[in-house]
Amino acid sequence: DLDKEFAPQIAQGLENLGFDIVATGGTYNMISEAGIPCEKVLKVSEGRPNITDSLMNEEIVMAINTSDGKESSKDDGQQIRRTVLRMNVPYFTTVAGALASLQAIEALKDKESLSPKSIQEFLAQRAILDSSLVYKEVKKR
């Protein structure tokens with residue numbers, strides 16, 4: 001599964017944001033081997049208690065599940081999708097979506113970026129930022 005190579009990066013980002021990480025099988029191994037704390041949970045096809053049980057028990061607040069094309073993974077994915085929809089849990093099926101969710105959560109935690117501003121304040125801040133970038137470019141030469 002090509003997406004597994006991104007698992008440590010995503011897990012580290014989630015841990016940095018204060019999340020506890022739970023993963024199945026190979027993903028758990030990749031994350032643990034990278035030195036990131038992670039709890040192992042069973043796939044749906046591996047028995048109980050499994051990932052959908054954890055979702056139903058509200059122990060998981062966000063799910064990331066990419067498919068490797070195997071039939072068992074498709075069946076597990078279908079069960080997970082049903083459960084996240086029923087439990088109203090945010091769900092990402094691509095690496096790009098998972099990485100974007102990290103950026104969104106970081107932005108939400110930055111209270112200043114969410115404060116209301118007039119268009120004049122916004123443009124003034126942007127002008128200051130733009131001028132500092134130009135200054136750094138000129139200074140580098």
Side-chain angles (χ1 to χ4, degrees), residues 1-140:
D1 188 4
L2 296 173
D3 294 338
K4 281 197 185 7
E5 69 185 73
F6 293 96
Q9 176 186 355
I10 294 167
Q12 186 65 66
L14 289 168
E15 187 193 32
N16 291 346
L17 289 167
F19 288 90
D20 292 326
I21 313 300
V22 176
T24 60
T27 306
Y28 166 82
N29 291 337
M30 292 280 296
I31 293 169
S32 294
E33 287 170 11
I36 301 162
C38 185
E39 179 184 333
K40 187 172 184 179
V41 66
L42 295 176
K43 294 180 180 184
V44 176
S45 58
E46 294 176 332
R48 297 192 107 147
N50 59 45
I51 188 75
T52 57
D53 295 322
S54 297
L55 286 160
M56 293 295 290
N57 293 335
E58 298 181 355
E59 297 167 349
I60 295 176
V61 297
M62 181 172 77
I64 301 166
N65 186 39
T66 60
S67 177
D68 60 9
K70 294 179 185 172
E71 199 59 39
S72 62
S73 295
K74 288 180 185 177
D75 293 341
D76 281 6
Q78 184 179 37
Q79 291 287 332
I80 293 168
R81 280 190 300 280
R82 284 184 184 152
T83 307
V84 296
L85 288 171
R86 185 177 319 131
M87 299 304 295
N88 199 28
V89 172
Y91 180 62
F92 304 92
T93 58
T94 64
V95 169
L99 292 170
S101 73
L102 292 177
Q103 291 176 336
I105 294 166
E106 287 171 355
L108 287 171
K109 287 190 170 233
D110 179 9
K111 300 294 183 197
E112 184 157 321
S113 70
L114 294 177
S115 61
K117 296 179 179 116
S118 69
I119 190 72
Q120 293 83 358
E121 290 172 311
F122 174 78
L123 292 174
Q125 279 184 326
R126 176 110 189 225
I128 291 168
L129 178 62
D130 288 347
S131 66
S132 73
L133 292 175
V134 169
Y135 175 73
K136 286 179 184 175
E137 278 299 311
V138 171
K139 193 175 180 182
K140 283 183 186 177

| request: Flag the pair Leu85 / Tyr91 as yes when at least one side-chain heavy-atom distance between them is below 4.5 Å, and no otherwise. | output: no
| said: Could you work out, with side chain to side chain donor-acceptor pair (under 3.5 Å) as the rule, every residue matching Gln103, not counting sequence neighbours? | reply: none
Can you give me every donor-acceptor pair (side chain of residues 28-39, partner residue at least two apart or in another chain, under 3.5 Å) with its distance?
residue: Ser32; atom: OG; partner: Tyr28; partner atom: O; Å: 3.0

| request: List for me each residue that meets side chain to side chain donor-acceptor pair (under 3.5 Å) alongside Thr24, sequence neighbours excluded, and say none if there are none. | output: none
| field | Atom pair CG (Asp76) and CD (Glu46), whose distance is rounded to the nearest 0.5 Å | value | 7.5 Å
| remark: With Phe92 as partner, the option from Thr66, Asn65, Val84, Ile64 fulfilling side-chain contact (heavy atoms from CB on, under 4.5 Å) is Ile64
| request: Keeping the roles fixed (side chain from Asn57, backbone from Glu59), state whether a donor-acceptor pair exists under 3.5 Å. | output: no
| task | Decide yes or no on side-chain contact (heavy atoms from CB on, under 4.5 Å) for Ile105 and Met62, but give the supporting numbers first. | result | CA-CA 12 Å; Ile105 294 166; Met62 181 172 77; 4.3 Å; yes
| said: Checking side-chain contact (heavy atoms from CB on, under 4.5 Å) between Thr52 and each of Met87, Gln79, Arg86, which is the one that passes? | reply: Gln79
| Minimum side-chain heavy-atom gap Val44-Asp75 below 4.5 Å | no
| request: Please round to the nearest 0.5 Å and tell me the distance separating atom NZ of Lys43 and atom CG of Asn50. | output: 12.0 Å
Could you tabulate the donor-acceptor pairs under 3.5 Å formed by side-chain atoms of residues 8-21, not counting sequence neighbours?
residue: Gln12; atom: NE2; partner: Glu15; partner atom: OE1; Å: 3.2
residue: Gln12; atom: NE2; partner: Asn16; partner atom: OD1; Å: 2.9
residue: Asn16; atom: ND2; partner: Gln12; partner atom: O; Å: 3.3

| message | Pro49: which residues meet the side chain to side chain contact (heavy atoms under 4.5 Å, CB included) condition with it, sequence neighbours left out? | response | Asp53
